[in-house]
Amino acid sequence: MREPDFYLSADMRLIELQRTALGMPTPDRPDWENRAIAEGQNIPDDPIEAPTGATLHVIAAALPAEGIIPGAIVTLTLSVANEGVAPAKNVRVAVPLPGGASYRPGSFVRDGVPAFDEIAERFFGAGLDLGDLAPKSRVTFLWKVGARIGTRPLIVAPQVLAADAAVIGGGALAISRKEISAAAALDAAMPPTATLAPVIPVDVAIPDLPFYELDDREAAEYAAAEAPPTVPIVAPVPAPVAAPAPVAPKTREAVVLLGTIDRPTLSFFENTFRGAKTPTILQHCIFGSALACTRSYRDGGDAAGLAAHFDAQSQILHRIVLHEKLGKKEPIGGYAGTFLARIGALVPEPLLAPGISGDTTRIVLEAEVGEPSMVVLRSIEAESARWDFVKARQLTLALQAQRTIGSKGTAAQRASAENALRAYAQAAMTTLQRLFVRIRLDHTIAVLRQTDSELDRKAVELLEALAPLFG
């Protein structure tokens, strides 16, 4: 028969022997210990209550996370995941820009897709409304900041709010600076050919240091997106229920617009991007307008006035081509035209499965305008009195085609065209965001003469993917 002390550890038995040797009384065991000795390993675990509600896990990361110097480019990521069992309602995310750093225009990315800087401004200010976040879903953000001259660390403090949801994690990040002398900091922040005569304003971003620029920005994004949750989530065991009666699938609704591109237009751009003369940003602005979708998905109408708007914009862009050939450097503000669209007429419509068109002379393009783009379009319409060249290009980007429908070609060829359309749209957004920054420094059409070899390559790949769809 086992002794009562059998289930005690060796350390506990040693303590008991020492107490006996000193003549100290043996203390009474608590109830739980008596029960452990009596029942051994057969004590059932306490029941675990199934989680209820929404639980938001917030993970922020920085790369590099320490030892930065003036001019360093820091890649920041934020992941917001709902690890609960109910939707998180009215989620709002804000991350104020840290003092001593400036935002890198055109670097804001949401869920792997570049976004307009207007969306980034709300993200850094009052906050970006995400709506409802479903269980087991995640939203990720990536952006870059440049460190200015200073000694204090960069503090990144995410703010995540939601109705009836617990928020876990998301503490402030402190990105430390490398200890260097003031003279060395100024030398690092300025190009080698610069002199010390000009005084650098505090609110001006320091130029980039190439050795801090990261080629693989996905490393930081995946580090945040793939991090395990800090609290294990136990899914509730559903009670058996009777099989529901079959329900007819609901037709999906969305704001979708159509456009077309014919064979002569495609040939024109093939000559433009494959010719002996290097294309400029202006040619890409014209190409983007040709890829913009303007007609209603339902009936092919133009209740929003987009077709008339882009016809007028096309004439303006070709007038810039003429003035560029003449060597003029006119103010770019004179080439914005007028905002003619009616964004309020863009409403969600039921989407139907498209058929295969028998017309081999043109390709039908399609653009689904998501809510983030609709927010930008409504903002442009609300501020139509401040319409300018930059907003004209933003409108073009928001309506640029994402796929083809009802076209000839094999399934593989149509998939290749869709991938090429998306790749060109993303590259164009990044390039034009940089252009918007340059326009603040050079207010003439000369800024449109710049070139971008990567964007040229994406354009050629898109033209090669569209050509087989003519049948």
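One is the number of the first residue; the rest follow in order along the sequence. What's counted below: heavy atoms across the whole structure, side chains too, no hydrogens, waters or symmetry copies.
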Mark yes or no for whether [X], through its side chain, and [Y], through its backbone, hold a donor-acceptor pair below 3.5 Å.
X	Y	answer
Gln426	Ala423	no
Ser416	Ala412	no
Gln402	Glu368	yes
Ser107	Arg104	yes
Gln313	Ala336	yes
Arg342	Ala303	yes
Thr260	Ile363	no

Results of side chain to side chain donor-acceptor pair (under 3.5 Å) for Glu461 - residues two or more places apart only: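 Scan of Glu461 (side chain to side chain donor-acceptor pair (under 3.5 Å), adjacent residues dropped) gives Arg457.
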For Asp164, all residues meeting side chain to side chain donor-acceptor pair (under 3.5 Å), sequence neighbours excluded: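 Asp164: no side chain to side chain donor-acceptor pair (under 3.5 Å) contacts found.
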What residues form a salt bridge (Lys or Arg N to Asp or Glu O under 4.0 Å) with [X], not counting sequence neighbours?
X	answer
Arg152	none
Lys329	none
Arg378	Glu371
Asp388	none

Might you point out which heavy atoms bring [X] and [Y] nearest each other, and give the distance in Å?
X	Y	value
Met429	Ala115	SD-N, 3.8 Å
Ala398	Phe116	N-CZ, 4.1 Å
Ala94	Gly125	CB-O, 4.0 Å
Pro114	Thr430	CG-OG1, 4.2 Å
Pro158	Gly171	CD-O, 3.9 Å
Val109	Val113	CG1-N, 3.3 Å

Rounded to the nearest 0.5 Å, what separation is found between the [atom1] atom of [X] and the [atom2] atom of [Y]?
X	Y	atom1	atom2	result
Leu365	Ile405	CG	CD1	9.0 Å
Ile281	Arg438	CD1	CZ	6.5 Å
Gln394	Ile380	CD	CD1	5.0 Å
Arg393	Leu448	CZ	CG	8.5 Å
Cys285	Leu435	SG	CG	6.5 Å
Asp311	Thr294	CG	OG1	8.0 Å

Sequence neighbours excluded - salt bridge (Lys or Arg N to Asp or Glu O under 4.0 Å) pairs with any residue from residues 115-131: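 Checked against salt bridge (Lys or Arg N to Asp or Glu O under 4.0 Å) - neighbours excluded - the pairs reaching residues 115-131 are Arg92-Asp129.
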Pair listing, ring-ring contact (aromatic ring centres under 6.0 Å, His included) test, anchored in residues 71-97, at least two apart: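 Passing the test, one end in residues 71-97: no pairs.
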Qualifying ring-ring contact (aromatic ring centres under 6.0 Å, His included) pairs with a residue from residues 367-392, counting only residues at least two apart or across chains: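 ring-ring contact (aromatic ring centres under 6.0 Å, His included) check on residues 367-392 returns His309-Trp387, Phe339-Trp387.
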Got [X] and [Y] here, is their nearest side-chain heavy-atom distance under 4.5 Å?
X	Y	answer
Glu66	Lys178	no
Ser289	Leu317	yes
Lys144	Val74	no
Leu161	Val91	no
Arg148	Ser102	yes
Glu324	Leu282	yes
Leu142	Thr75	yes
Leu76	Val95	no

Under 3.5 Å, is there a donor-acceptor pair linking the side chains of [X] and [Y]?
X	Y	value
Asp299	Ser296	yes
Glu381	Ser384	no
Arg414	Thr404	no
Ser137	Asn82	no

Criterion side chain to side chain contact (heavy atoms under 4.5 Å, CB included) on Leu266 and Ile261, from CA distance to verdict: CA-CA 7 Å; Leu266 194 73; Ile261 185 169; 4.1 Å; yes
Derivation and outcome, side chain to side chain contact (heavy atoms under 4.5 Å, CB included), residues Leu78 and Val58: CA-CA 7 Å; Leu78 181 71; Val58 182; 3.6 Å; yes
Test side chain to side chain contact (heavy atoms under 4.5 Å, CB included) applied to Glu366 and Leu257, step by step: CA-CA 6 Å; Glu366 180 187 82; Leu257 298 170; over 6 Å; no
Partner residues of Ala382 under the side chain to side chain contact (heavy atoms under 4.5 Å, CB included) criterion, sequence neighbours left out: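 Ala382: no side chain to side chain contact (heavy atoms under 4.5 Å, CB included) contacts found.
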Partner residues of Phe123 under the ring pair (Phe, Tyr, Trp, His ring centres under 6.0 Å) criterion, sequence neighbours left out: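 Partners of Phe123 under the ring pair (Phe, Tyr, Trp, His ring centres under 6.0 Å) test: Phe108, Phe141, Trp143.
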For Phe287, all residues meeting ring pair (Phe, Tyr, Trp, His ring centres under 6.0 Å), sequence neighbours excluded: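 Partners of Phe287 by the ring pair (Phe, Tyr, Trp, His ring centres under 6.0 Å) criterion, ordered by chain and then number, come out as Phe269, Phe273, Tyr424.
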Residue from Thr272, Asp452, Asp456 passing side-chain hydrogen bond (donor to acceptor under 3.5 Å, both in side chains) with His284: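 The option that passes is Asp456.
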Verdict with supporting geometry, Val156 and Leu97, side chain to side chain contact (heavy atoms under 4.5 Å, CB included): CA-CA 7 Å; Val156 181; Leu97 283 174; over 6 Å; no
Trace of the side-chain hydrogen bond (donor to acceptor under 3.5 Å, both in side chains) decision for Thr140 with Arg110: CA-CA 6 Å; Thr140 59; Arg110 173 178 173 176; over 6 Å; no
